[in-house]
Amino acid sequence: MQDRDFPVIHAQRAVAETTEHFVFGERNTGTNLAHSLLVQNIPALARSASDRIGPHGFRYGWKHGFPQMVAAPASTLAVVVFRAPEPWLRSMHKRPWHAPERAKLPFAEFIRAEWATRVDEQNFGVLHSDARWGTELQYDRHPLTGARFENIVALRNAKTAGFLSLAARFESCVLVRHEDLTANPEGFVECVSQLCNLPRFQQFKSVEARRGREGEGLFQPTSYPPLAPLDQEFVWGALDAAQEARTGYGPGGLQERTSDE
């Protein structure tokens, strides 16, 4: 059973022994932090696949995309991280992965603009010399219709539905919030340890590096101002309220103000 001191959205465990984990979640939600905490603190999970592409592609699909794994074995724990909408949008505006030019837009325009990104890093398995380099990133289009999303809020609605579906795909799955993860990282580790019945190191190993990678320096929290009334009205009018409530978010509800990109 998961640690009662660490709140989760949902947790379930397969009968089979857990031998690896994989972390899913949108960009700027703390997925790298979650992965690093488990790798460094639970020996049985130390060799779990990260978000780096392998010789045969991503092990369980692109972690920031719609579910596209070829299989979901009972021995794998799916860890899914969600983040409050308002600070997540601020964080995405500050660092809009695969669409850097969008950071130049005023925030009000950013959240209302049609969403489009491009292939701009080799971790997608595409070299600079490849004809696919610089073209539109199809992982960010609607997985069924192929259409672009009307805006980043519509993208969030669809991605959240996809991430919530992971509990139906993996026999072992835990859904957590970014706010709880960053507030109590050791509690998160203990939660997974108890849920999967996997021993952890007695001495907790914290993750201080940005994105859990030593080469990127220490993580420095960023404070964000509240959304302007018209922007807040637009965001919450466009969000799937039932979905947000399911993950613990709502207007005036759980809305942290720090960044953990």
Side-chain angles (χ1 to χ4, degrees), residues 6-9 23-37 51 63-65 79-100 102-113 115 117 140 149 151-164 175-185 187-188 207-212 216-261:
F6 186 85
V8 299
I9 300 168
V23 181
F24 299 87
E26 249 295 12
R27 291 149 285 198
N28 297 351
T29 61
T31 55
N32 288 307
L33 172 62
H35 173 73
S36 296
L37 285 168
D51 62 348
K63 70 171 181 176
H64 299 312
V79 179
V80 192
V81 188
F82 298 89
R83 186 176 184 180
E86 294 184 32
W88 176 73
L89 288 168
R90 287 289 195 192
S91 183
M92 286 292 287
H93 181 232
K94 176 186 175 185
R95 189 182 294 275
W97 297 95
H98 317 305
R102 287 175 176 263
K104 301 175 184 178
L105 294 175
F107 182 76
E109 291 182 29
F110 172 79
I111 60 175
R112 292 168 173 81
W115 188 253
T117 49
D140 265 351
F149 287 97
N151 51 55
I152 191 173
V153 182
L155 174 77
R156 178 185 173 96
N157 287 337
K159 288 280 187 78
T160 298
F163 292 135
L164 287 171
L175 312 181
V176 302
R177 283 173 288 266
H178 169 273
E179 297 77 19
D180 301 318
L181 173 67
T182 55
N184 187 5
F188 166 68
V207 175
E208 306 295 338
R210 180 179 177 274
R211 301 178 68 206
E216 298 202 20
L218 292 177
F219 164 67
Q220 298 293 333
T222 301
S223 296
Y224 296 120
L227 267 58
L230 286 178
D231 291 340
Q232 188 175 58
E233 181 180 0
F234 168 78
V235 167
W236 286 100
L239 283 168
D240 185 319
Q243 237 176 204
E244 294 299 328
R246 182 178 172 186
T247 52
Y249 303 119
L254 185 58
Q255 296 290 334
E256 52 84 42
R257 298 294 180 196
T258 58
S259 167
D260 185 43
E261 300 164 2

Intermediate values then yes/no, side chain to side chain contact (heavy atoms under 4.5 Å, CB included), Glu86 and Tyr224: CA-CA 9 Å; Glu86 294 184 32; Tyr224 296 120; over 6 Å; no
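- Among pairs with a residue in residues 225-239, those fulfilling salt bridge (Lys or Arg N to Asp or Glu O under 4.0 Å) read Arg112-Asp231, at least two apart in sequence or across chains.
- Annotation: side chain of Leu33 is not in contact with side chain of Phe188 (no heavy-atom distance under 4.5 Å).
- For the pair Arg156 and Trp115, the NZ or CZ position fails the cation-pi test of under 6.0 Å to the six-membered ring centre and within 45 degrees of the ring normal.
- With a 4.5 Å cut-off on side-chain heavy atoms, Leu164 and Phe82 count as touching.
- The CD atom of Glu179 lies 3.5 Å from the OH atom of Tyr249; values are rounded to the nearest 0.5 Å.
- In this structure the side chain of Arg83 never reaches within 4.5 angstrom of the side chain of Arg177, judged on heavy atoms.
- A heavy-atom distance below 4.5 Å is found between the side chains of Val235 and Leu89.
- Ile9 is not listed as a side-chain neighbour of Val80, based on a closest heavy-atom distance of 4.5 Å or more.
- Within the model, atoms CG of Leu239 and CD of Glu244 stand 4.5 Å from one another, a figure rounded to the nearest 0.5 Å.
- In this structure, Thr117 and Trp97 have side chains that are not in contact, with every pair of non-hydrogen atoms separated by 4.5 Å or more.
- For the pair Leu105 and Ala113, the tightest heavy-atom approach, listed with the atom from each and the gap, is CD1-CB, 4.5 Å.
- Within the 4.5 Å cutoff, the side chain of Leu227 has no heavy atoms near those of the Phe234 side chain.
- If you run side chain to side chain donor-acceptor pair (under 3.5 Å) between Glu26 and each of Lys159, Lys63, His64, only Lys159 comes through.
- Under the ring-ring contact (aromatic ring centres under 6.0 Å, His included) criterion, Phe24 pairs with Phe22, Phe170, not counting sequence neighbours.
- Looking at every heavy atom in both residues, Gly25 comes nearest to Phe163 through C-CZ, 3.5 Å.
- Residues Val23 and Ala34 come closest through the heavy atom pair CG1-CB, 4.2 Å.
- Separating the NE2 atom in His98 from the CG atom in Asp140 is a distance of 7.5 Å, to the nearest 0.5 Å.
- Residues Asn157 and Ala238 come closest through the heavy atom pair ND2-O, 2.9 Å.
- In terms of heavy-atom proximity, Thr182 sits nearest to Pro185 at O-CD, 3.7 Å.
- Of the possible donor and acceptor atoms, none in the side chain of Arg95 sits under 3.5 Å from a partner among the backbone N and O of Ala103.
- Looking at residues two or more places apart in sequence or on another chain, you find a ring-ring contact (aromatic ring centres under 6.0 Å, His included) between His93 and Phe107, Phe110.
- Minimum heavy-atom separation, Arg90 to Pro226: NH2-O, 3.1 Å.
- With contacts defined as side-chain heavy-atom distances shorter than 4.5 Å, the pair Arg27/Pro96 does not qualify.
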